[in-house]
Student: 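Got a structure here, written out as structure tokens. Questions coming.
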There are 2 protein chains.
Amino acid sequence: MPNPHAATPARTKRAGAQLSPDAIIEASLRIAARGSADAFTVRRLGEELSADPTAIYRHFRDKDELLLSVADRTLGEVLDGIPGGLDWKGRLRALAAGSLRVALKYPAVASAMASRTTRRTNEFRIVELILGAVMEAGLSGQDAAVHYRMVGDSLLAHVGQRAAYLLFDPDVRAGDESSWNREYRRVDATAFPNITRLSSQLAEVTDDQIFEARVESLIAAIERKAEAVREA
Amino acid sequence: MPNPHAATPARTKRAGAQLSPDAIIEASLRIAARGSADAFTVRRLGEELSADPTAIYRHFRDKDELLLSVADRTLGEVLDGIPGGLDWKGRLRALAAGSLRVALKYPAVASAMASRTTRRTNEFRIVELILGAVMEAGLSGQDAAVHYRMVGDSLLAHVGQRAAYLLFDPDVRAGDESSWNREYRRVDATAFPNITRLSSQLAEVTDDQIFEARVESLIAAIERKAEAVREA
DNA sequence: ACCTGAACACCGTTCAAGT
DNA sequence: ACCTGAACACCGTTCAAGT
């Protein structure tokens, strides 16, 4: 692409900030925040930075390493939204709500991280927070470790699942979204009596209801285990 | 590509079965069962069928429609593995174990379906099964619908998360896998006392322990809700 | 020391041409 | 009626060449 300012040596292709890891991470966050309207690709990142798409390889080994850095930034946003002075249940609920909010804000990042670990500072802080909560609830040792993993993996899987959904193209999403009011309304009543009886209620369930039920079931599981340990 | 048998008109490019939706679905399952060793792509499907990659577009609108058909087949495998004569908890446990087994057998399918719905027969049968279980537990109406969705979405998310992990290339997986024994062992003990104290236990938790804890927490949530309804 | 841009090995999908 | 194969608009990444 010819540069229209090539005759003015002081004006390089990028007039603004220097290309740096931080600048690349921030450009990635801007692209990811545009949701499905703008795919998070190396070429798009080049456009956003007004640089050649391959310029990022001077600052990150590959796209995966960039993804982990970007993801850890979004975990920072989650942590910033958790108020102090909450008990363990309040902290877990705030973490869950914040994780979902941030995941839906940067769907490409949350979707890609659903089975991953950033192995970076903000993830350490979140692990520390969840471990602190399950220990405050009364768990220790292996029980604390297992219940931490259950909470962490469940949250990651759920918010990743919700985020991935936002990235599908409109046709796919429309087909999936309408299924409770189309295919599931037309099943054979003799073969599928339960679906037939509950078809209206199934169509009415909201994502937020499901999320709340899942979070509360995690909290209840921790509480139940803590009680069992106390009684033993 | 020139056909070496072009001089023998009776020998077409494909010597075997006719190209049909079923043949394409079965080829897809064979490819998916090879795991990360063989990406589930249109071109690979062409090779597996000894046909041109674009031949599948005569039988399926696009790759997504094929994916939904293939996924529904794998749900049939899940159902085939659930024995009769179980109570509601036994049926849910068998469904969970079967879902995981089949998801790990066809990781590309399970990973792609984590946020999706097939809207096809075998999915109807699984929904019917879960609804039957939560109703046998004592739930009805909206409670049954919400708890069905919680179970269905949780299973889908968890097995999709596990399946996606299998598809990452070895470098990525090795990095994630070793994090409990590398980065999490080296965190600052003052800033992260809980991680430091539990680092050994965290590294020892197995995926199966986490899965079992999650499944049991879903069952407990249904049981608790049913008790609350009975008391009200 | 960092950026550019051509190139490579991939994707899913369309469409004119074959049979 | 179905299949082929060139082509298109994409991916992430490498590497020789520039500055």
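Proteins get letters first, then strands, A, B, ... in listed order; numbering begins at 1 in each.
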Student: Would you say Ser20(A) and Asp22(A) are linked by a side-chain donor-acceptor pair, where the criterion is simply a distance under 3.5 Å?
Tutor: no

Student: Identify whether NZ of Lys or CZ of Arg in Arg116(A) sits under 6.0 Å from the centre of the six-membered ring of Phe168(B) and within 45° of that ring's axis.
Tutor: yes

Student: Think Thr41(B) has a side-chain N or O under 4.0 angstrom from the OP1 or OP2 of dC11(C)?
Tutor: yes

Student: Name the closest nucleotide to the Asp62(B) side chain, picking from dT13(C), dC3(C), dT4(D).
Tutor: dT13(C)

Student: Between atom CG in Leu49(B) and atom C1' in dG5(D), what is the gap in whole Å?
Tutor: 17 Å

Student: Output the rounded distance in Å from CD1 (Ile56(B)) to C1' (dT14(C)).
Tutor: 13 Å

Student: Would Lys63(B) pass as a cation-pi partner of Tyr57(B), given that its NZ or CZ must be under 6.0 Å from the six-membered ring centre and within 45 degrees of the axis?
Tutor: no

Student: Residues from residues 27-37 of chain B sitting under 4.0 Å of DNA chain C, heavy atoms only?
Tutor: none

Student: Considering only side-chain heavy atoms of Arg43(A), which listed nucleotide, dG12(D), dG5(C), dT13(C), is closest?
Tutor: dG12(D)

Student: Rounding to an integer number of Å, can you tell me how far Asp64(B) CG sits from dG12(C) C1'?
Tutor: 12 Å

Student: Please tell me which of Pro53(A) and Lys63(B) maps to the more 5' nucleotide of DNA chain C, matching each residue to the nucleotide holding its nearest heavy atom.
Tutor: Pro53(A)

Student: Say whether Thr206(A) and Asp208(A), considering side chains only, have a donor N or O and an acceptor N or O under 3.5 Å apart.
Tutor: no

Student: If you find the nucleotide of DNA chain D closest to Thr54(A) and the one closest to Ala55(B), which residue's nucleotide is nearer the 5' end?
Tutor: Ala55(B)

Student: Considering only NZ, NE, NH1 and NH2 on the basic side and carboxylate oxygens on the acidic side, decide whether Arg214(B) and Asp153(A) come within less than 4.0 Å.
Tutor: no

Student: Can you list every ring pair (Phe, Tyr, Trp, His ring centres under 6.0 Å) pair that touches residues 98-126 of chain B, not counting sequence neighbours?
Tutor: Tyr184(A)-Phe124(B), Phe192(A)-Phe124(B)

Student: Atom CZ of Phe168(A) and atom C1' of dG12(C): how far apart are they, to the nearest Å?
Tutor: 15 Å

Student: Do you see a donor-acceptor pair shorter than 3.5 Å between the side chains of Thr196(A) and Arg185(A)?
Tutor: no

Student: What is the separation between atom CG on Asp171(A) and atom P on dG12(C), rounded to the nearest whole Å?
Tutor: 18 Å

Student: Whole Å only: how far is the CZ atom of Arg61(B) from the P atom of dG12(C)?
Tutor: 16 Å

Student: With a 3.5 Å distance limit and no angle check, can you tell me whether Glu48(B) reaches the backbone of Arg30(B) through a side-chain donor-acceptor pair?
Tutor: no

Student: If I take atom NE2 in residue His59(A) and atom P in nucleotide dA1(C), what distance separates them, rounded to the nearest angstrom?
Tutor: 13 Å

Student: Do any N or O atoms from the side chain of Ser115(A) and from the backbone of Ala164(B) form a donor-acceptor pair under 3.5 angstrom?
Tutor: no

Student: Provide, to the nearest angstrom, the distance between the CG atom belonging to Asp52(A) and the C1' atom belonging to dA7(C).
Tutor: 13 Å

Student: Between dC3(D), dG12(C), dA7(C), spot the one nearest the side chain of Tyr57(B), thanks.
Tutor: dG12(C)

Student: From the list dT4(D), dT13(D), dC3(D), which nucleotide is the closest neighbour of the side chain of Ala51(B)?
Tutor: dT4(D)

Student: Could you tell me whether Arg182(B) atom CZ has more than 12 heavy atoms of other residues or ligands within 6.0 Å of it?
Tutor: no

Student: Using Watson-Crick and G-U wobble pairs with both distances under 3.5 Å, what is the 5'-to-3' dot-bracket string of DNA chain D, with [ ] for crossing pairs and | for pairs outside the strand?
Tutor: ||.|||||...|||||.||

